[in-house]
Protein chains: 2
Amino acid sequence: MDESSERRSKSSGPKGSGPVPKAVVSRLSLYLREIQHWVREGKETISSTQLGKLLGFTDAQVRKDFAYFGQFGYPGIGYRCGELTAAIRSILGTDRSWKVALVGCGNLGQALMGYRGFADRGFEIVAAFDSDPTKFGRSLAGRTIEPLADFARIAAERDLRMALLAVPAPFAQEVADGLVAAGVTGILNFAPVTLSLPRTLQVIGVDLAIELEQLAYAVVQSRS
Amino acid sequence: MDESSERRSKSSGPKGSGPVPKAVVSRLSLYLREIQHWVREGKETISSTQLGKLLGFTDAQVRKDFAYFGQFGYPGIGYRCGELTAAIRSILGTDRSWKVALVGCGNLGQALMGYRGFADRGFEIVAAFDSDPTKFGRSLAGRTIEPLADFARIAAERDLRMALLAVPAPFAQEVADGLVAAGVTGILNFAPVTLSLPRTLQVIGVDLAIELEQLAYAVVQSRS
DNA sequence: CTGTGTGAAATACTTCACAGCA
DNA sequence: TGCTGTGAAGTATTTCACACAG
């Protein structure tokens, strides 16, 4: 990180800052995960070929993906893991920590609350909500379950912008509407429904049954 | 389902049975989900425009997706929901029920065991495994937790081919190797690692932290 | 020699636009 | 008229292949 860093552009890159393909961004997270494992094994640099092999991508794909954001590599060497992880985190916006709300403390919500993997990647669940009064005040992984009705107030107090939505499907839409009204701008939706919300809002859906369905298809196909 | 059904091809379709794009298959699950909601509202047919609007796709995309598999629509009418759901389920392989093993009964595993959404879409968790002896014999959503060491025997007895892998990341690879040896052909991997397994094996990964990371990126970008 | 960055070529996927059926 | 199925056109994404750097 000395003279070499000034020849490197920060985040609009040689591709003229045209919008980055969605597919590229989704691979960025995978790269980050692999590089972190790589580092834990004591390695300091990684080449596009090595990284690609870990994930089943071609080396060209890896290089082109990074090229969207700038020049991070060293010919003959590869990429320095430290620099690369910093760059990817900066691109993804996870170079700082995010405060997240959990909405819905059922089965799945409780598991999400206890999931260690979030903290490791810069996400902290700082409040949990439910609409069942018998749960109010109960403690969950060190947090007190708050009434969903208080969401707007607490979200404002704690500056919450992202939420994990883990309520039963029939309530997902109305609850989501409430989150939006309270200023949330990103929702990770675990309910198996398509939410209809303003486009200014970012929503990513995780439907576990759909993932299994896709697996079933792949399994059936593989029997040719 | 009378004379009209014989003009309809079953599953290789007009596209000459060339391999179906991955993107198409992933949308199939979404279509199925929406159609099921649509039916619950009492509707019997749905047009490509209606279905597309629900999911934010163009009507042409919807029609082309279905065209990969045959001719399901009726000009002037749209698609009959019953026929269409049957067709999609047949394509995905979920027209029959799948028996699935849960491997790893921690936080997340327990939530998966109790998740209602699987049964609704044709998946039944028929056995749960863990390697922690203090959990053996405990009951979880009506199933007894079995020792992971007995996996091969029980999988053979109950003809288990698919597994939900919800063990801690450091053990995921070795446990997965064991599943493969026991004849499993599809794994839904919740551990935040890339498994390296024979290509005959189908693996779909669900990394919750990565989904949040993608959401963070989208949120940051949307602030232009 | 190893390995990056990148135009150019090749694929893959999506949208257009229109013929034809009910 | 309303809507499907589908070639043709357009766009996006991936792979190739090679000049150049350490």
Side-chain angles (χ1 to χ4, degrees), chain A residues 2-5 7-9 12-28 30-31 35 38 43-81 83-84 87, chain B residues 2-5 7-9 12-28 30-31 35 38 43-81 83-84 87:
Chain A
D2 40 320
E3 36 70 71
S4 69
S5 55
R7 82 173 155 90
R8 303 174 182 281
S9 57
S12 52
K15 281 273 142 27
S17 76
V20 180
K22 210 175 166 303
V24 172
V25 178
S26 73
R27 284 191 297 267
L28 246 30
L30 295 171
Y31 294 142
I35 297 162
W38 194 257
K43 291 151 176 164
E44 307 224 310
T45 65
I46 190 167
S47 72
S48 55
T49 310
Q50 291 169 323
L51 188 46
K53 204 161 289 168
L54 289 168
L55 287 160
F57 306 149
T58 66
D59 56 328
Q61 171 112 83
V62 173
R63 290 196 301 276
K64 188 140 282 202
D65 283 349
F66 293 148
Y68 277 100
F69 305 98
Q71 327 233 118
F72 303 109
Y74 298 86
I77 304 290
Y79 300 86
R80 299 204 202 289
C81 297
E83 285 178 17
L84 192 51
Chain B
D2 38 322
E3 35 70 72
S4 69
S5 55
R7 82 174 155 89
R8 300 170 185 285
S9 58
S12 52
K15 281 275 145 20
S17 77
V20 180
K22 209 176 168 305
V24 172
V25 178
S26 72
R27 283 190 298 266
L28 245 31
L30 295 170
Y31 294 142
I35 297 162
W38 194 256
K43 291 150 174 164
E44 306 223 311
T45 64
I46 190 166
S47 72
S48 56
T49 310
Q50 291 170 321
L51 188 45
K53 205 162 291 169
L54 288 169
L55 288 159
F57 306 148
T58 66
D59 56 328
Q61 171 113 84
V62 173
R63 292 196 299 278
K64 188 138 283 202
D65 283 349
F66 294 149
Y68 278 99
F69 306 98
Q71 328 233 116
F72 303 111
Y74 299 88
I77 303 291
Y79 300 86
R80 298 202 201 290
C81 296
E83 285 178 18
L84 192 51

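Below, chain A is the first sequence line, B the second, and so on; all start at residue 1.
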Gap between atoms [atom1] and [atom2], on [X] and [N] respectively (whole Å):
X	N	atom1	atom2	result
B:Asp65	D:dT4	CG	P	13 Å
A:Tyr68	C:dG7	OH	P	12 Å
A:Leu28	D:dT13	CG	C1'	15 Å
B:Phe72	C:dC21	CZ	C1'	18 Å
A:Tyr31	C:dT4	OH	C1'	14 Å
A:Phe66	C:dG3	CZ	P	15 Å

Any B:Tyr74 side-chain heavy atom under 4.5 Å of B:Arg80 side chain: yes
To the nearest 0.5 Å, tell me how far A:Thr45 OG1 sits from A:Ile35 CD1. 11.0 Å
To the nearest 0.5 Å, atom OH of B:Tyr79 lies from atom CD of B:Gln71 at 9.5 Å
Considering non-hydrogen atoms only, spot the tightest contact between B:Gly73 and B:Pro75 and give its length. O-CD, 4.0 Å
Considering only [options], which nucleotide approaches the side chain of [X] most closely?
X	options	value
A:Lys64	C:dT6, D:dT6, C:dC21	C:dT6
B:Ala67	D:dT6, D:dG2, C:dT4	D:dT6
A:Tyr79	C:dT4, D:dT13, C:dT14	C:dT4

Table please: side-chain donor-acceptor pairs of residues 20-28 of chain A below 3.5 Å, with sequence neighbours left out.
from    : atom 1 : to      : atom 2 : distance (Å)
A:Ser26 : OG     : A:Ala23 : O      : 2.9
A:Arg27 : NE     : A:Asp65 : OD2    : 2.7
A:Arg27 : NH2    : A:Asp65 : OD1    : 2.9
A:Arg27 : NH2    : A:Asp65 : OD2    : 3.3

Selection: residues 47-63 of chain B, any non-hydrogen atom under 4.0 Å of DNA chain C: B:Thr58, B:Ala60, B:Gln61, B:Arg63
How do A:Ile77 and A:Lys22 order along DNA chain D: which one's closest nucleotide is nearer the 5' end? A:Lys22
Pairs of donor and acceptor atoms involving the side chains of residues 49-57 of chain A, under 3.5 Å and at least two apart or interchain, shall be tabulated with distances.
from    : atom 1 : to      : atom 2 : distance (Å)
A:Gln50 : OE1    : A:Ser47 : N      : 2.9
A:Gln50 : OE1    : A:Ser47 : OG     : 3.4

